[in-house]
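Below is one structure, written out as structure tokens, with a few remarks after it.
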Amino acid sequence: MKRTLYIPLLIAVALFASCKSGKYDATEKVYKKKATEYADLYKEAPVESQLAKINSNDKEWIASINFGIRKPNYVMIHHTAQDSLAQTVKTFHSAKAGVSSHYVIGRDGKIVQMVNDLFRGHHAGAGKWGNDTDLNSSSIGIELDNNGTTDPWSDAQINALIALLTTLKDTYKIPQANFIGHMDYAPTRKNDPSRFPWKKLAQSGFGYWYDEYLETPPANFDVKLALRIIGYDVKNLDAAIKGFKHHYIQNNANSANLNDQELKILYSIFKKYL
Ligand SMILES: [Zn+2]
């Protein structure tokens, strides 16, 4: 008796599940198709497409048995400058916008993953950090839902970020110095994440913050060289100073001047990168 009732119920549940059309079915399908196409690139053996490009008459493919998947070595943090997590998800579904990040974190602390860590997200754009000009290839992008001007950073959101960063740092062995902001990588174009609690992140081992006690830098302290050693692109020195200020000073950051206190902060950060 019980069994006869149970079976129609199971069939009904199965039918409901198969007919249910999810809000994101279309974009999931596109993701899966692209992921399959990229998987085909990995499967190529011999790798004729790459060997053919090498200008040599004496070349051969002989497969090794020892290799793995390349891993991200940086994390880049952003603010979305949008009004909700849903709005950001919509943007990352727009082929016209062409942008994405691996993760989006809502104001309530919800973590949404949108791209496999092993794929290249489209969040960094043009820029330079150290000598790396393609952070999209070497980083995980994290977008934090925040309008970028007045929204406070909630504890729930920052705690969720720290939990995610802990996993990423541990999984991919990412150095403390390699947790940076979009403003660091692209200071001519970006100031995000703005007004951001970098100090709290640094205390948890993600990025650096300056010492409580600040030393006076030596008379020959070179601002340009210090910024370059930290990682900034100093081709446009004013932009690099502003990027640094958006990250570490967060006050009067649209001016490229550094007062005595700000120079001491730069000196403190610079020494951490030596
Ligand atoms: Zn950004």
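One-based numbering, in listed order, for ligands and for the atoms of each.
When you scan the N, O or S atoms of His182 for the one nearest the Zn ion (ligand 1), you land on ND1. Note on Asp192: its N/O/S atom closest to the Zn ion (ligand 1) is OD2. Residue-level check: among N/O/S atoms of His78, ND1 sits closest to the Zn ion (ligand 1).
Evaluated for a side-chain hydrogen bond (donor to acceptor under 3.5 Å, both in side chains) with Tyr172, the options Asn73, Asp117, Thr167 yield exactly one hit, Asp117.
A donor-acceptor contact closer than 3.5 angstrom links the side chains of Thr91 and Gln82.
Between Lys271 and Asp211 there is no salt bridge, since no side-chain N of the basic residue sits under 4.0 Å from a carboxylate O of the acidic one.
No side-chain heavy atom of Phe92 sits less than 4.5 Å from a side-chain heavy atom of Thr27.
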